[in-house]
**Q** 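Have a look at this one before I ask anything.
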Amino acid sequence: MFFIPGQLIAIATFPGVIVHEAAHMFFCRLRHVAVLDVCFFRFGNPVGYVVHEHADRFSTTFLICLGPFLVNSLLCMLICFPAFMPLRVFGVMHPLSYVLLWLGVSIGMNAFPSIGDAHGLWIQAKKEASSFNLLAIISFPLVLVIYAANILRFFWLDYLYGVAIGLGLPALIF
Amino acid sequence: MVKRKCEQCGQEFPMNETIRVGSHVVCDACCRQILAGPNAQELKLEREADPTICVNCGSDSGSVELPKLAGLPVCNPCETFFRNRPFPTWIKVSFAAVIALVVVSLVWNLRFFQAYAGSKAAFAAMARGNIETASQQMSTAASHVPECADLSVMATYLEGVTLLRQDRSAEGLVKLTACRNKLPPQFGVEALIAEAKCSAAFDAKDYDGFLAAAQTVEQQLPNDCMGKATVASAWACKYAQTGDTLARQNALSCLERARAMASATPEFKEYENRILHRLQSREIITQAEFARRFPNGWSPEQEK
């Protein structure tokens with residue numbers, strides 16, 4: 001285990017950051033939530049952000065918060081899939097395969113919602129849970145998982161997730 | 001536009017140019033003076049937002065207050081913009097490029113998918129015992145990915161087995177020898193090579209070679225009745241060729257041992273009858289010829 005600053009990881013996996021923020025914005029647009037400001041990538045902390053208005057419906061907040069997880073995971077699988085077959089099954093190496101794997105795993109690595117996303121979801125879930133909103137109740141363990149995942153990023157969980165989604169799943173299929 | 005009077009200097013300013021410092025509204029210049037004074041860090045500053053001026057485009061609605069978005073006054077066109085904020089062109093182009101890359105790589109790597117499907121189908125055909133189909137499919141799969149050595153070895157192996165089944169043992173032997181030490185033991189390459197050597201020697205009427213190869217098969221498959229039957233077959237050939245009774249005795253002895261191990265499979269029964277026919281008639285005929293002459297089977301009693 002070795003430590004690499006998060007900023008460097010973000011730079012190395014910048015396509016994932018862009019996709020993550022674009023997915024946030026996509027779901028905002030989908031639910032007609034006003035996007036006040038957006039930064040897809042920058043050399044700073046946070047490396048990307050979407051500032052949007054507060055959503056009235058909890059389902060909208062849920063979607064905006066967790067949407068990037070789905071989008072990044074799906075794109076990771078889609079991009080790694082064509083590279084997997086020649087590389088892992090036949091052992092044939094081609095630069096295009098490595099480009100796709102880097103791109104796919106980068107996107108998969110940035111699938112997890114951030115602490116900020118989890119915090120927003122937690123606050124609204126607390127309000128909604130009092131009115132027995134099922135989605136809000138389900139959100140509590142999810143928020144805990146997001147917090148845990150963000151802590152475990154220190155131990156490369158995000159990288160492991162990207163590899164598992166991009167290479168592990170096709171390995172189970174083929 | 002709403003105007004506010006600076007509580008410090010008494011001048012009027014547009015509301016957007018004033019700042020609330022604690023409970024007082026002041027202009028920018030006065031605010032700087034306050035901040036330069038003592039206890040500045042404890043002061044709470046908040047820029048005033050004119051409810052009649054859009055925070056985004058700055059359009060002035062006169063005295064009409066604008067609707068608020070996230071607590072800030074925004075005109076209708078700007079609200080529509082924020083709610084349907086377009087993705088930047090570079091994002092759209094990048095996304096299209098990624099999708100194009102995935103499509104191109106899928107097309108580029110199509111041969112690998114075809115090879116994978118072909119090899120899967122070949123293994124399925126092999127499991128069903130349909131070796132010829134398996135061989136064809138594996139050869140096609142190997143032709144898709146010529147750089148994959150494992151696939152071409154597998155294709156060569158199946159071609160060898162197919163040739164062996166087609167009684168083209170000499171050609172099969174060449175193919176199988178090429179697979180030597182390249183496949184796991186469960187593929188039985190060595191046993192097949194020995195079998196091919198037996199058949200090739202038989203075809204070449206080299207019965208000493210046939211006997212030597214058959215004894216190798218027997219050593220490799222000590223618990224297989226067909227291994228012992230092959231040795232019996234070789235001794236029967238020697239007898240048929242030379243009339244040596246010791247060879248006949250050896251053939252019958254081997255056949256007896258094979259029979260003791262054999263389960264009554266039709267394959268063994270046919271082989272046993274062929275050997276007995278050879279011993280009785282001293283005529284060496286191929287399996288195909290035997291089947292042609294005796295389509296309803298042959299037994300020693302029938303001959304008598």
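Chain letters run A, B, ... following the sequence lines, proteins first and then strands; every chain starts at 1. Any value given below was found using the heavy atoms of this structure, including those in side chains, with hydrogens, waters and symmetry copies removed.
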**Q** Apply salt bridge (charged side-chain N to carboxylate O under 4.0 Å, His left out) to A:Asp117 and list each qualifying residue two or more places apart in sequence or on a separate chain.
**A**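 Once residues adjacent in sequence are excluded, A:Asp117 has no partner under the salt bridge (charged side-chain N to carboxylate O under 4.0 Å, His left out) criterion.
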**Q** Given heavy-atom pairs under 4.5 angstrom as the criterion, report whether the side chain, backbone, both or neither of B:Val145 touches chain A.
**A**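 For B:Val145, the side chain is the part near chain A, not the backbone.
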**Q** Using atom types as modelled and no hydrogens or angles, find all donor-acceptor pairs between chain A and chain B shorter than 3.5 Å.
**A**
{"from": "A:Arg29", "atom 1": "NH1", "to": "B:Asn84", "atom 2": "O", "distance (Å)": "3.1"}
{"from": "A:Arg29", "atom 1": "NH1", "to": "B:Arg85", "atom 2": "O", "distance (Å)": "2.7"}
{"from": "A:His32", "atom 1": "O", "to": "B:Arg83", "atom 2": "NH1", "distance (Å)": "3.0"}
{"from": "A:Val35", "atom 1": "N", "to": "B:Phe82", "atom 2": "O", "distance (Å)": "2.8"}
{"from": "A:Val35", "atom 1": "O", "to": "B:Arg85", "atom 2": "NH1", "distance (Å)": "2.9"}
{"from": "A:Leu36", "atom 1": "O", "to": "B:Arg85", "atom 2": "NH1", "distance (Å)": "3.1"}
{"from": "A:Glu53", "atom 1": "OE2", "to": "B:Arg83", "atom 2": "NH1", "distance (Å)": "2.2"}
{"from": "A:Glu53", "atom 1": "OE2", "to": "B:Arg83", "atom 2": "NH2", "distance (Å)": "3.3"}
{"from": "A:Pro82", "atom 1": "O", "to": "B:Asn109", "atom 2": "ND2", "distance (Å)": "2.9"}

**Q** Is it the case that over 12 heavy atoms from other parts of the model lie below 6.0 angstrom from the OH atom of A:Tyr147?
**A**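 Yes, enclosed.
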**Q** Quick one: CG on A:Leu167 to CZ on A:Phe84, what's the gap to the nearest 0.5 Å?
**A** 7.0 Å
**Q** To the nearest 0.5 angstrom, please state how far the CZ atom of B:Phe81 sits from the CG atom of A:Leu36.
**A** 10.5 Å
**Q** Roughly how far apart are A:Ile165 CD1 and A:Leu74 CG, rounded to 0.5 Å?
**A**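 Nearest 0.5 Å value for the CD1-CG distance: 9.0 Å.
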**Q** So, taking the atom named CD1 in A:Ile64 and the one named CG in A:Leu121, what distance separates them when rounded to the nearest 0.5 Å?
**A** 10.5 Å
**Q** Rounded to the nearest 0.5 Å, how far apart are CD1 of A:Ile138 and CG of A:Asn133?
**A** 9.0 Å
**Q** Is it the backbone or the side chain of B:Leu110 that comes under 4.5 Å from a heavy atom of chain A, or both, or neither?
**A** neither
**Q** How many angstroms lie between atom CG of A:Leu78 and atom OG of A:Ser73, to the nearest 0.5 angstrom?
**A** 12.5 Å
**Q** Give, as side chain, backbone, both or neither, the part of B:Ala149 having an atom under 4.5 angstrom from any heavy atom of chain A.
**A**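 It is neither, since no heavy atom gets under 4.5 Å.
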**Q** Measure B:Val104 against the heavy atoms of chain A and call it side chain, backbone, both or neither at under 4.5 Å.
**A** neither
**Q** Of the backbone (N, CA, C, O) and the side chain (C-beta and beyond), which part of A:Leu96 lies under 4.5 Å from a heavy atom of chain B, both, or neither?
**A** side chain
**Q** Go through the atoms of A:Phe40 and report whether side chain, backbone, both or neither lie under 4.5 Å from a heavy atom of chain B.
**A**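 It is the side chain, since no backbone atom gets that close.
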**Q** Check each atom of A:Val92 against the heavy atoms of chain B and say whether the ones under 4.5 Å are side chain, backbone, both or neither.
**A**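 Looking at A:Val92, just its side chain touches chain B.
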**Q** Out of A:Ala22, A:Gly91, A:Pro15, return the one with the most heavy atom pairs under 4.5 angstrom to chain B.
**A**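 Max contact count across the listed options: A:Ala22.
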**Q** Please look at B:Leu106 and chain A and tell me whether the side chain, the backbone, both or neither of the residue comes under 4.5 angstrom of a heavy atom of that chain.
**A**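 Both the backbone and the side chain of B:Leu106 come within 4.5 Å of chain A.
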**Q** Determine whether B:Met15 and B:Pro51 make a side-chain contact, defined as any pair of heavy atoms from C-beta on separated by less than 4.5 Å.
**A** yes
**Q** Show, in sequence, the C-alpha distance, side-chain angles and deciding distance for A:Phe81 and A:Phe174, and conclude whether the ring pair (Phe, Tyr, Trp, His ring centres under 6.0 Å) test is met.
**A** CA-CA 11 Å; A:Phe81 181 70; A:Phe174 299 109; 5.7 Å; yes
**Q** Top residue by heavy-atom pair count (under 4.5 Å) with chain B, among A:Val51, A:Val19, A:Val35, A:Val38?
**A**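 Option with the top pair count is A:Val35.
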**Q** I'd like to know whether A:Ile146 forms a side chain to side chain contact (heavy atoms under 4.5 Å, CB included) with A:Leu66, so could you lay out the CA-CA distance, the side-chain angles of the two residues, the decisive distance to 0.1 Å, and finally the verdict.
**A** CA-CA 10 Å; A:Ile146 296 168; A:Leu66 294 178; 3.7 Å; yes
